[in-house]
Amino acid sequence: MTWALLAAALCGLGLYGTLAAAVPLRRLLGFNLLGAGVFLCFGVVAARAGDPVPRALVITGLVVAFAATTLAVALLRRLAATRD
Amino acid sequence: MILDALLALAILALAAWTVWTRDAFAAGIGFVATGLLLALAWVRLGSVDVALTEAAIGAGIGGVLLVNAATHLGTTAEEAPPSPRQNRLIALLCAGFAVAVGTALLTLPDPAPNLVHEAAAALPATGLGNPVTAVLMVWRGLDTLLEAIVVLLAVLGLWALAPEGATRPAPPPREEGPLPLLARVLPPIGVVIALHIVWAGADGPGGKFQGGAILAAMWVLAWMAGLVRAPEVMDRRLAWALVAGPLVFLGVGVAGLVLAGEFLALPAGWAKPVILLIEAPLTLSIAAGLALLLLGPPERAP
Amino acid sequence: MAEALTAAAVLALLTVLAGLVRVVRGPTRADRIMAAQLLGTGGIAVLLLLAAAGGDMALLDLALVLAVLAAFAAAAFVQAARR
């Protein structure tokens, strides 16, 4: 119950941060929070039945999210360098 | 329970502050703190595996990446912020989205459809004690292979963004004082803990991604202190370290196709030694990949 | 005994949350970094207490990982903050 509400709130908050921020880096932070919320949704579903499959998917998801974030940061730095 | 309620409230408050604060460095620190508390939340949700990954990759090296990016990029807006009306509309739609997700989670069918029995039934054949590792290695072996390749692809993407003639990432500022000392004391301990986490992954929470992240962090620490140089992009040994894991994994997969009749099928009774054979080079490749991702794209030598 | 340990974990979490004030208010970067470090240390305390209360020894591994990465993160934050 607690975690389901937190997961939903993080999803909404993260999506708002992704859409409403004007600074690109803060959009990226919002996107990562949205990801955290989605992963918690998986966690809530997994905890109800003690199911290992959603948990394995979350671990995969965390690694992919990190890889995507590094790429996004590199793109932002390249963009900043071309504007100078 | 009071512990859960406290934790959830703190995560929510911190996440909201991270979204709204103007200072990019502060937002990065806020993200790390949120991730740390999220790791505790995963413990309370009964999944130490995910807590380990969140602590090592989400809050740990992910947080370091974002804080670093904050000091490089600052808070220059790339475009005009949404008008107050647009902002209200976005907030309203996001709140609606959150309500929808919450309703869906609270009205899940009972008992929830799940794969517990299928996963438990497959466990004895693997020789592994940890169901999450069994799912990652046996059931969804292809996922894990592709995940390791995603790290490799991200490294290639990073290199593709490098300017013409770039050879290696820009060296860190020259360091004297406490950092070189820390960079000599911590890595030996960190490497032992990382190997323990990889090894423990067979029977309990742990695994190659979490252990690989710690190995990467230890190498980056030595690099920050100026004790090691970043490898050149064209270094052959680096290329082999990056592809060793996926190559062995693919080799075993093809061997499974020949010997057991299915790609990535593991011969009965041999699953555990074969998995260890895959995990060792895979840990090396993941650690090398994550470290390069943390360092950023190579730059031209000055 | 388990109840007492869990209560201690709640107490440790409360002290961690008090430290969050410095993450939020700053005012300097050093304040925020130190508060994040306190969060790591307090998190380790919570994990150790929960491990003792519930008998789940895997939590000790998590505490170890947190300890190593907190030291790494502190060094990285300081280097970033000086830029």
Side-chain angles (χ1 to χ4, degrees), chain A residues 1-17 19-26 28-30 32-33 36-37 39-41 43-53 55-60 62-71 73-80, chain B residues 4-5 8 11-12 15-16 18-19 24 27 31 38 42 45-47 49-50 53-54 57-58 62 65-66 69-70 72-73 75 77-82 87 90-91 94-95 97-98 101-102 105-106 112 114-116 119 131-132 135-136 140 143 147 150-151 154 157-158 161 209 293 296-297:
Chain A
M1 170 75 180
T2 317
W3 301 124
L5 291 178
L6 178 65
L10 277 180
C11 286
L13 203 61
L15 188 62
Y16 175 78
L19 294 177
V23 180
L25 186 74
R26 287 174 54 199
L28 199 54
L29 278 171
N32 271 289
L33 284 176
F39 294 148
L40 264 187
C41 291
V44 169
V45 174
R48 284 158 51 97
D51 191 347
V53 178
R55 288 176 183 158
L57 288 179
V58 171
I59 292 177
T60 309
L62 278 164
V63 176
V64 173
F66 171 75
T69 307
T70 55
L71 211 52
V73 167
L75 280 169
L76 289 179
R77 283 178 67 170
R78 188 94 170 107
L79 193 66
Chain B
D4 292 359
I11 293 172
L12 192 58
T18 303
V19 166
F31 180 78
L38 271 171
W42 280 103
L45 271 166
S47 185
D49 279 286
V50 181
T53 320
E54 175 65 46
I57 296 178
L65 174 83
L66 285 169
H72 275 295
L73 291 168
T75 44
E78 294 286 341
E79 54 200 89
N87 210 356
I90 294 174
C94 290
F97 173 61
V101 172
L105 282 178
L106 291 175
N114 59 68
L115 300 163
V116 181
V132 176
V135 168
L136 281 175
R140 308 198 60 94
D143 269 13
E147 186 182 4
V150 162
V151 174
L158 217 57
L161 290 170
F209 288 101
L293 288 180

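Values below: every heavy atom of this structure, side chains too, minus hydrogens, waters and symmetry copies.
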* Asked: Of the backbone (N, CA, C, O) and the side chain (C-beta and beyond), which part of Arg77(A) lies under 4.5 Å from a heavy atom of chain B, both, or neither?
  -> both
* Least distance between heavy atoms, Ala27(B) atom then Leu29(A) atom -> CB-CD1, 3.5 Å
* Per-residue contact mode, Leu158(B) against chain A (heavy atom under 4.5 angstrom) -> both
* **Leu13(A), part contacting chain B, at a heavy-atom distance under 4.5 Å** => both
* Asked: Which heavy-atom pair separates Ala74(A) from Leu161(B) by the least distance, and what is that distance?
  -> CB-CD1, 3.6 Å
* Structure fact -> The reported gap from CZ in Phe97(B) to CG in Leu19(A) (rounded to nearest 0.5 angstrom) is 10.0 Å
* Let me know if Ala8(B) has heavy atoms under 4.5 Å from chain A in its side chain, its backbone, both or neither. => both
* **Least distance between heavy atoms, Trp42(B) atom then Phe39(A) atom** => CH2-O, 3.1 Å
* Structure fact -> Checked Val64(A), Leu75(A), Val63(A), Leu10(A) vs chain B; the most non-hydrogen pairs under 4.5 Å come from Val63(A)
* To do: Quick one: do Leu33(A) and Phe31(B) satisfy side chain to side chain contact (heavy atoms under 4.5 Å, CB included)? Show the steps, please.
  => CA-CA 8 Å; Leu33(A) 284 176; Phe31(B) 180 78; 4.3 Å; yes
* Quick check: does any side chain N or O of Arg26(A) sit under 3.5 Å from a backbone N or O of Val19(B), one acting as donor and the other as acceptor? -> yes
* **Options Pro297(B), Ala98(B), Ala5(B), Gly157(B), ranked by heavy-atom pairs under 4.5 Å with chain A, top entry** => Ala98(B)
* Reference residue Leu40(A); test side chain to side chain contact (heavy atoms under 4.5 Å, CB included); the match among Val50(B), Ile11(B), Leu38(B) -> Leu38(B)
* Side chain from CB out, backbone as N, CA, C, O: work out which of these in Leu28(A) comes under 4.5 Å of a heavy atom of chain B, or both, or neither. => side chain
* Which of Cys41(A), Gly30(A), Ala47(A) touches chain B most, by non-hydrogen pairs under 4.5 Å -> Cys41(A)
* To do: Name the member of Ala91(B), Ala95(B), Gly58(B) that forms the most heavy-atom pairs with chain A at distances under 4.5 Å.
  => Ala91(B)
* With respect to chain A, which residue among Asp4(B), Asn87(B), Val150(B) yields the maximal number of heavy-atom pairs within a distance under 4.5 Å? -> Asp4(B)
* From CD1 (Ile59(A)) to CD (Glu147(B)), nearest 0.5 Å -> 8.5 Å
* Could you give me the CA-CA distance, side-chain angles and deciding distance for Leu5(A) and Leu105(B), then say whether side chain to side chain contact (heavy atoms under 4.5 Å, CB included) is met? => CA-CA 8 Å; Leu5(A) 291 178; Leu105(B) 282 178; over 6 Å; no
* **Contact check, side chains of Leu293(B) and Leu71(A), non-hydrogen atoms, under 4.5 Å** => no
* Asked: Among Leu45(B), Thr53(B), Ile90(B), which residue forms the greatest number of heavy-atom pairs with chain A at distances under 4.5 Å?
  -> Leu45(B)
